[in-house]
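Report on the structure given below.
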Amino acid sequence: MDRVEKLSSLPSLSQNFQKLSTAAEEPPPAYFVKGGSVGPVESFPIAQIPIVDLSLLPSVFSTCSGKEQEDELEKLKSAFSEWGCFQVIGHGIPTLLLEKVRQIAKEFFALPVEEKQKYARDPADLQGYGSDPILSQEQVLDWSKRLFLNLLPLDSRKLELWPVTPEEFREVLDVYFTEVKSVIHLLQKAMARSLDLDENCFSKKYGDQAIMAARFNHYPPCSRPDLVLGAKAHSDGSGITVLLQDEELEGLQVLKEDQWFRVPMVLGAFVVNVGDQMQIMSNGIFKSPLHRVTANAQHGRISVAVFYLPDTEIDIEPDEGLISEERPQIYRKLKNYAAINFECFQSGKIALDTVKL
Ligand SMILES: O=C(O)CCC(=O)C(=O)O
Ligand SMILES: [Fe+2]
């Protein structure tokens, strides 16, 4: 029996978890977005983000015709260079496992506060349960709670912060992350091939100690969704992000040409985002998109983001196959982008701009 099958034989998680959508709370001014209203959610157009079928990409099923593979690779490339994201289907991760991941997230966030506080984030650390780290006095706060856990390298895990309630939490997360890692490896190959590079060129750049982390996000209902954001506009400092959206409530928005678009929910799909480090390695061809999450007056929302990042000790730089006279090198060689990102956030700078040549 493989690990996913084994999970399906676990006792079903309790269905009657506390409703996450309790009474909407009134936000204090520290949460108000600068510059006035967010605007009614319905006023934002729906993003026509491509849906990429991973099972049609090369090296997944060799039965697909060359033409189908080429078309799917072209879709991936244009999605990553125009939107910076796409929805991926045909990834092979069983729906049952996705349901379990959403369910452990909901059950954890529905626990009494005292219970969740057992996993509280140390103010000096990223891992654990809590609000977004406050890094500057002017920072507008996000209307959310998070549980952030390192997954890889194994010795970076703080297992004492991995919930023991719900009982299945650890096992589900372990099985899920292994599956997502395989999807990421396939995506990296496809990304390289879409740029006519050797298919292993991106995976090699992540090094032997590539970093993987999960962020469980909970956005409680908020009485003033016109004034606050569940997550303020940001790009991911990762290499690549695989996001499992809520299946009942939309909320993610992505910026394209100065316009915010709503990212629709697609059954069984992940949203895959280019992170800043992939923008660097692709010499700016792939775009790390600005995205944000809106709040909702009636309902809570959850999402689970898995971030994949290069080893902090390894140099990253644009691939030389993507540098030419027409497209000179845009970014310098650097290491530990996460640290650069952190410092920039504190001083109000955009990290990607500071690493331009
Ligand atoms: O909740 C979402 O849909 C997006 C979350 C996100 O952008 C993140 O965790 O970085
Ligand atoms: Fe994000």
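First listed ligand is number 1; within each ligand, the first listed atom is number 1.
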Are there any N/O pairs under 3.5 Å between ligand 1 and the protein, and if so, what are their distances?
residue: ligand 1; atom: 1 (O); partner: Tyr219; partner atom: OH; Å: 2.6
residue: ligand 1; atom: 1 (O); partner: Arg301; partner atom: NH1; Å: 3.0
residue: ligand 1; atom: 1 (O); partner: Ser303; partner atom: OG; Å: 2.6
residue: ligand 1; atom: 3 (O); partner: Arg301; partner atom: NH1; Å: 3.2
residue: ligand 1; atom: 3 (O); partner: Arg301; partner atom: NH2; Å: 3.0
residue: ligand 1; atom: 7 (O); partner: His234; partner atom: NE2; Å: 3.1
residue: ligand 1; atom: 7 (O); partner: His291; partner atom: NE2; Å: 3.0
residue: ligand 1; atom: 9 (O); partner: Arg215; partner atom: NE; Å: 3.2
residue: ligand 1; atom: 9 (O); partner: Arg215; partner atom: NH2; Å: 3.0
residue: ligand 1; atom: 9 (O); partner: Asn217; partner atom: ND2; Å: 3.1
residue: ligand 1; atom: 10 (O); partner: Arg215; partner atom: NH2; Å: 2.8
residue: ligand 1; atom: 10 (O); partner: His234; partner atom: NE2; Å: 3.2
residue: ligand 1; atom: 10 (O); partner: Asp236; partner atom: OD1; Å: 3.3

For residues 82-89, dump all side-chain donor-acceptor pairs below 3.5 Å to protein atoms at least two apart in sequence or in another chain.
residue: Gln87; atom: NE2; partner: Pro264; partner atom: O; Å: 2.9

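The Fe ion (ligand 2) has His234 NE2, Asp236 OD1, His291 NE2 as protein N, O or S atoms under 2.8 Å away.
Using a 4.0 Å cut-off between charged side-chain N and carboxylate O, Asp353 and Lys349 make no salt bridge.
Aromatic pair Phe216/Phe148: ring centres not closer than 6.0 Å. Taking the six-membered ring where the residue is Trp, the centroids of Phe286 and Phe80 are separated by under 6.0 Å.
A cation-pi contact, defined as under 6.0 Å to the ring centre and within 45° of the axis, links Arg292 to Phe44.
Under a hydrophobic clustering in which Ile, Leu, Val, Met, Phe, Trp and Tyr are joined whenever their side-chain heavy atoms come within less than 4.5 Å, directly or via other members, Phe342 and Phe307 fall into different clusters.
Looking at every heavy atom in both residues, Ile302 comes nearest to Ala105 through CD1-CB, 4.2 Å.
In the hydrophobic clustering, Val38 connects to Val33, Leu229, either directly or through intervening members, whenever side-chain heavy atoms lie under 4.5 Å apart.
At a threshold of 4.5 Å between non-hydrogen side-chain atoms, the residues Leu147 and Lys116 do not count as touching.
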